Amino acid sequence: MSTEPVSAGTARLHVPVVWTEDCLRHDPAGEVWLGTREPGTELPQRAMAILGALRAAGAPILPASAHDGAALHSVHSPGLVRHLATIWADWEAGGYARDHGRDRVVPYVFPTAAMLAGLPPRLPAATHGQVGLYCYDTMTLVGPGSWEAIRAAADAALTAASLITAGQRASYGLCRPPGHHAGPAGYGGSCYLNNAALAAQALRDQGAGRVAVLDIDAHHGNGTQAIFYGRADVYYGSVHVDPGAGWFPHYMGFADERGTGEGQGANRNVPLPPGAGDDAWLDAVSLLAADVRAHGADAIVLSLGVDAAAADPESPLQVTADGYRAAGELVGALGPVAVVQEGGYDLDSLGEYVLATLTGVQAGTASHAGTASHAGTASHAGTASHAGTASHAGPVGPADAGQLPGADAASP
Ligand code: SP5
Ligand code: ZN
């Protein structure tokens, strides 16, 4: 190994990549934007592009292990989970596809506050009415294989979290569909279940006293924010294109959203103007990293969207692959990191950007190798001699497991 020539471009990636082909089964077949069906950008080829780049870099690829439905209820309402699991079968049984030419599930009535005028939402009798209770936009379609992929993505994130608990310094869940726009009881933004939130909650349940979710997708992770907004034990920090400048998710992601109750101060949004590049973006990541150090975290979940890339069609941010590598290093230095894939839609550069980020995470985590109190137990080729566990006072900040609210604080 020491005789192997290593240059920046060819360094091996040792971060275990969790992947299951079921993630390819979701075929949204476009998105309805402003009333018109468009081809959409959340394609199965995204996952293949990422997988190809990571495989070429020598990363170990591990299968996701299956988790039961109850694992999904740790951050989501049973109603949402049941809806996602059954809506396609109901849609087919209702003849919407066969008799009416509606080949995907799309809502058309939404129980907004403006409609309900204070009344509680009921579960509509009609299948086509029910969709709007759970799905908050028209861009997040459900089809025949969607549920299998949604489950697989959640499994990948949960497996990545378990690897951290077992002692890995870094892990990566190649999740598709993405998750950070999915909230406790609702989905949208091409997201169905919140993979990163599931990973964060799993890390808590497996012994991490405090967890931080850092979100560097180009869009604000409104779902993750909503899930943890009232909690001090899971910090959420996000850098994203300013929703106040007209960008999705439009209604959330502003700088004055700082958490509520016990969670006051444990939420931080750094909105950037359209056109912002590496300098402003990395300043924001540094600010969030400092916030995590001040707050304390035994484990980190990195919501990795690479749609801040200059070439990405879905965001006006102009971040380079070097910028992402630097961000990965900053985040990796904070503690053990479970990386979870979010957005990123430029098929030509996606793989390069994810690899750059994971390479940075790997370098960053090397800076705290051996600082934790006992060696890890995970045994994957190429990742040996890692120290660190999520269940002990972590490499950063105050550790205070035991005084913090438990998992039930997140019950939707
Ligand atoms: C996970 C993630 O990155 N979700 C982002 C969802 C944001 N989608 C916003 C779509 C806005 C409309 N797209 C414009 C297409 C123009 N042809
Ligand atoms: Zn995004």
Side-chain angles (χ1 to χ4, degrees), residues 23 26 28-47 49-50 106 135-142 146 149-150 153-154 156-157 173-183 186-199 213-227 236-243 245-253 269-272 274 276 281 284 301-319 324 327 339-347 349-350 353-354 357:
C23 285
H26 172 54
E31 56 186 47
V32 177
W33 189 55
L34 311 186
T36 300
R37 175 95 71 112
E38 298 199 350
T41 49
E42 204 293 280
L43 305 169
Q45 295 94 295
R46 297 177 54 246
I50 295 168
V106 188
C135 184
Y136 60 75
D137 65 31
T138 61
M139 307 184 302
T140 311
L141 281 49
V142 172
S146 294
I150 293 163
L174 207 181
C175 302
R176 179 185 178 271
H180 73 152
H181 296 304
Y187 68 102
S190 301
C191 300
Y192 302 84
L193 293 176
N194 195 313
N195 308 310
L198 286 164
V213 182
L214 287 177
D215 189 331
I216 60 174
D217 186 280
H219 305 98
H220 176 245
N222 56 292
T224 315
Q225 170 173 301
I227 286 167
Y236 177 72
S238 177
V239 53
H240 48 265
V241 62
D242 188 359
W247 292 84
F248 187 87
H250 300 286
Y251 294 93
M252 296 170 76
N269 290 321
V270 186
L272 297 181
W281 191 74
V301 173
L302 177 61
S303 260
L304 173 59
V306 292
D307 42 7
D312 196 278
E314 294 288 343
S315 121
L317 300 180
Q318 300 289 322
V319 180
Y324 267 93
V339 182
V340 171
Q341 186 62 41
E342 303 285 1
Y345 307 98
D346 176 43
L347 294 174
S349 62
L350 254 179
Y353 271 75
V354 172
T357 312

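Each ligand, and each atom within it, is numbered from 1 in the order the structure gives. Note that these values count all heavy atoms, side chains included, but never hydrogens, waters or copies made by symmetry. Computed from a predicted structure; not experimentally measured.
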Compile the donor-acceptor pairs under 3.5 Å between side chains in residues 307-319 and protein atoms, sequence neighbours left out, one pair per line.
from, atom 1, to, atom 2, distance (Å)
D307, OD1, A218, N, 2.7
D307, OD2, H219, ND1, 3.2
D312, OD1, E314, N, 2.7
D312, OD2, Y345, N, 2.7
E314, OE2, T41, OG1, 3.1
S315, OG, D307, O, 3.0
S315, OG, L317, N, 3.1
Q318, NE2, P316, O, 3.4

Starting from the N and O atoms of ligand 1, collect every protein N/O partner closer than 3.5 Å and put each pair on its own line with the distance to 0.1 Å.
from, atom 1, to, atom 2, distance (Å)
ligand 1, 3 (O), H219, ND1, 3.3
ligand 1, 3 (O), D307, OD2, 3.0
ligand 1, 3 (O), Y345, OH, 2.6
ligand 1, 4 (N), H181, NE2, 3.2
ligand 1, 4 (N), G189, O, 3.1
ligand 1, 4 (N), Y345, OH, 3.3
ligand 1, 13 (N), E314, OE1, 3.3
ligand 1, 17 (N), E38, OE1, 2.7

Checklist line | For V106, side-chain contact (heavy atoms from CB on, under 4.5 Å) partners two or more places apart | finding: V32, T138, L141
So, for [X] and [Y], which heavy atoms are closest and what is the spacing to 0.1 Å?
{"X": "H181", "Y": "G188", "value": "CB-O, 3.3 Å"}
{"X": "A154", "Y": "L198", "value": "CB-CD1, 3.7 Å"}
{"X": "P177", "Y": "H26", "value": "CB-CD2, 3.9 Å"}

N/O/S of [X] less than 2.8 Å from the Zn ion (ligand 2)?
{"X": "D307", "result": "yes"}
{"X": "H180", "result": "no"}
{"X": "E342", "result": "no"}

Next item on the list: Report yes if some heavy atom in the side chain of L302 is under 4.5 Å from a heavy atom in the side chain of T357; otherwise report no.
Entry: yes
Checklist line | Set of residues satisfying side chain to side chain donor-acceptor pair (under 3.5 Å) with respect to N195, sequence neighbours excluded | finding: none
Note to self: Working to 10°, measure the angle at the Zn ion (ligand 2) formed by atom ND1 of H219 and atom OD1 of D217.
What the structure shows: 110°
Check: Do side-chain atoms of R176 reach the backbone of L43 as a donor and acceptor pair under 3.5 angstrom?
Finding: yes
